[in-house]
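Written below as structure tokens is the structure these notes are about.
Side-chain atoms are counted along with the backbone in the values below, which use heavy atoms only and exclude waters and symmetry mates. If you're wondering where the values come from, they're calculated on a predicted model, not measured in any experiment. Lettering follows sequence order; numbering is per chain, from 1.
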Amino acid sequence: MRRRSAGCLGIFALAALGCRGNGPAATPGTAADGGTRDTAAAASPTPEGFLTDRVQSPSPLRRLTRAEYRNLVREVFGVEPPSAYALPDDSLATGFAGTANQLTTIAAANRYLDAAVETGERLEPTIRQLMPCGATDDAGERACIDGWLGAFGPRLFRRPMSAEERARYVAAFARARANAKESYERSASLVVQALLVAPELLFVELPSGGAPGSKRDLNGWQMASRLSLLLWDAIPDEALLAAAARGELTTRATLTTQVDRMLRDPRARLAVRAFFEGWLGLSKIESVGNDINVFPFVQRDVAAALADETRAYLDDAFWEQDDFRKLFVSTSRFRTPLLSEVYGDTLSTADGMARYEAAVSEDSFGLFSQRGFMMMLSKSEESAPIHRGAFVRRKLLCGRLPPPPPGLATPLPARTPGVSTRRRISEHTAGARCSGCHGTFNSLGFALEDFNIAGRFREVDEGGLQIDSHVTFDEPGLHGAVDGARGLSEALAASATARACLAAQLVTFAFEREPTTADQPWFDQLLRTFEASGFSMKTVLVELILSEHFRTRIQPAGSL
Amino acid sequence: MSPPKGVSRRLVLKGTTGLALSLPWLESLARRAAVGAEPTPPRRLLIWTQPNGTVMDRWAPVAGPTERDFELSEILAPLERHKADMVVVQNLMQREATGHQYVTSLTGHGYVDLGARYVSKGVSLDQYVAQKQRGTTPIASLELGVGQAEDGQGAVSWAGAGRSVIGEANPFKVYARLVGGGTSSAVADQAEAQRLLSRRRSIIDTVTDPLSSLTGRLGGADRAIVDNYLESVRGVERELVALETKLVTCRVVAIGADPSVADQIPWWQQSANAPAALALQRKLAVTALACDITRVVTLTVAGSSGGLRTFDSIDGVSRSADWHAISHDVEKGQDQELTLIERWHAEQLALLLDDLKAVQEPSGESLLSNTLLLTNNEYGCNGPVSYLPPDPRTGARNTLTHSGVMMPYLVFGQCGGAIKTGRNLVLPFRNGTELERAQGEGLSHTRLLVSVLNALGYEDTTFGDPAHAEGTVPGLVG
């Protein structure tokens, strides 16, 4: 799915007004701000000003996402679900999928109805395998349907279906059979179709009621649902429902067992991929390959392979290396024969994608030395340091950059011979009204100048001038001197702000809201656990699930 | 217009009756006229929204000695044949806009940045009118999009604070909705169509059972969300019932089958097919208004900032260059490509107007004469405006990019006699100071929203944030 870019930031000048980087004030000396811990051992690990004080709506009721709905159809009914595009849109500006605060229009209701009709029709010819029935009389058939609802209801509604609820669908079956003289198959498919538009199926139930702002615990079923939707993009399996029925999902100790089991399931890998996709927008790498005019040197299959490389690399850092720092600097390389050809190395020794070891060097070290990723961060004409810097500031350091204020957006002057890209940008954004914002991300982009628009390591820029990617940061979250893209990667790996940002992204992914200043004590604890685990991202995810925030819900106020 | 790829032009235009009419999708309208005229034809509202502003120097008509003397400029030239049905409204300003937000354009309210999305603080003009007219027509309001569905930054229509109404971008779904058949593929025989219809009703009846146990257990805010869902599902059925009687007198002609391939980006969402998808939505909009299926339509030609739309079919526009990027070229003095894109949209608008004029109402008037078509945009300028004075503080001309100033509004149609057309209203700047003129600081665009309401027969005196209440656009209505 195409995601929105990190922002519409092109070649703008930004005003200082309203621009807020984040992280502690600069104290020169080291490249990363991790050192601030030394001076204040007991201080909060959350960088100052990092958390937003913007009011977040507390876990609004939401519908299933496209992926969740489709997985439900696949798993319960065993048929190919309707196309994701046929379902209502579920993209959020955070990049992650969700439907919070989105009204269901009549057009969207029509889409759900169409999807239900389509699924039922696809299922109809073989529906007796799903809903077998030996009876030939009306009462017997109704009993068959009721029995099926009793067995499948807990998966569809992610909780046992009440007798009253079952009766509603049995009655629909009976009406079709009797009044409309429909076949058993067609009447049974009506049951499936109606279930697929039932609010109990489409909405993710949470504890509800009571005074706005008050806190209520999720019950076992709601926990099971929340867990599986987060970790699998799918509905709970039988084992999880059984654990819910035994009341095992409401205490930390027994919950841990289930979470461990779920993380070992292959579906968890897909859910983590969805996290990286939402965070970094990697599908843009593939679209680069579709755009032969912008990047004429990239074939479509190469772009696809480069996107797969980056995904495999992130998977490796998350699961196998289990280390946040390895996102930026690692000896893991992922290659297919085609990718080895692209990179001009001899790593690949087998068909298909495999992991290989390689030494860290200035042109091969991690995310920022990957061709696809760096292409994604480029513009058609040049490496676009402003664009790259803003991406790092926004996405990897969670900086808040406002759009350029009216009247201040002025174009970058044309390239003049003898003037480097870096100098051109520096001079253009040097004014007092520009530097407030640009000062928080320009040098992030300059450090990445080692790699051209094709993600290839280089010594000279587009104008033939020597690259100077040596930068000294005095920006929130990073300070001191670093040398080039590799130096920046090492600094990010050691940056407390980058770590806090990863944790914040996981919170947003899991809870559909950003962590706020009200979360500070808990967020501090999360970061301490992150550090104690050797920067295991998996541990952050598990801690989020084990936290009180996952097990409780604050009641929303007002209407919508 | 180039023929749409994937769907042949003939397929699009061929009616179910097979009659070779020049406007076959409106085949039924003559018949409608025979059914019996209503005493006063209803007034319709059609809002056409574009992203990415314009090239103001090439958009603004050249004003003559009176408001009736004006010459259309390069961008609006394709609308020459509709000049007598047009009112140009120049120099209004959206006070709450900061850039690409559609959110403020029809609401006149501010917005909240919720992180995940921009959320309006109030209802939009189209939804406000639809709410006032609910029950009058089968569909209270029809929201149409083109390409990728708008995300939270891009919603134009708001049912109320925090409640975005996202347009349907799949024309085949729109068609299905209008014919009440509920299936996006063309249904061959009547019996099959009836069967599908009754199946949909059975599904809806089952899940909208008033005795549903779910909503009873929910807190207020949650119940509102689920109630909204159930209300929309019930709304589908209400439309089905209302359309059944309506379609006896007015038939929506088939638009062909969706050529999309399963699990690929749908045909209608691909940038290359946007012109064809827009053509279909245009026709569906006119049909819905002509058949009085609805009296309020919003047609949004692309998501906020253009949703990465490219214009490979327009000669002179760089291949694969994205609309938003092209809009920024204007700042660099390269305004030719955006001009071409803007002009192309004016051509599409002219085709829409042709269709509105071609429909004859029971009263004998054209549909356009009972319609108010408003063109809306997320902002106005993309660079300096040559006819504004330099900033007295700097001596240079302000860029005015990505701001709410100099909104490029056009109003078409006489709206049942409420609007005298064929005029160019060059509105004053706020207090007329040199600085305000240099900054394009105009009167509030909420004036236009109020004037539209007045033209439709509502006596509202304000719309949107009361802080921006200034009254109406002087001289537009009446």
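- If you measure heavy-atom distances from A:S214 to chain B, you find no contacts under 4.5 Å at all.
- A salt bridge is defined here as a Lys NZ or Arg NE, NH1 or NH2 lying under 4.0 Å from an Asp or Glu carboxylate O, and B:R234 with B:E237 fails to meet this definition.
- Ranked by non-hydrogen atom pairs under 4.5 Å with chain B, the options A:R186, A:Q193, A:E121 are led by A:R186.
- Pairing each heavy atom of B:D222 with each of A:P556, the nearest pair is OD1-CG, 3.7 Å.
- The closest donor-acceptor contact from the side chain of A:N110 to the backbone of B:V236 lies at 3.5 Å or more, if one exists at all.
- For the pair A:Y169 and B:V207, the tightest heavy-atom approach, listed with the atom from each and the gap, is OH-CG1, 4.2 Å.
- Counting only residues at least two apart or on different chains, the salt bridge (Lys or Arg N to Asp or Glu O under 4.0 Å) pairs with a member in residues 320-330 of chain B are B:D329-B:K332.
- Within the 4.5 angstrom heavy-atom criterion, only side-chain atoms of A:L202, from C-beta onward, approach chain B.
- Interface remark: A:E118 contributes no atoms to any contact with chain B (heavy atom separation under 4.5 Å).
- Within the 4.5 angstrom heavy-atom criterion, no atom of B:E143 approaches chain A.
- By number of non-hydrogen pairs under 4.5 angstrom with chain B, the leading residue of A:R175, A:R111, A:E205, A:E182 is A:R111.
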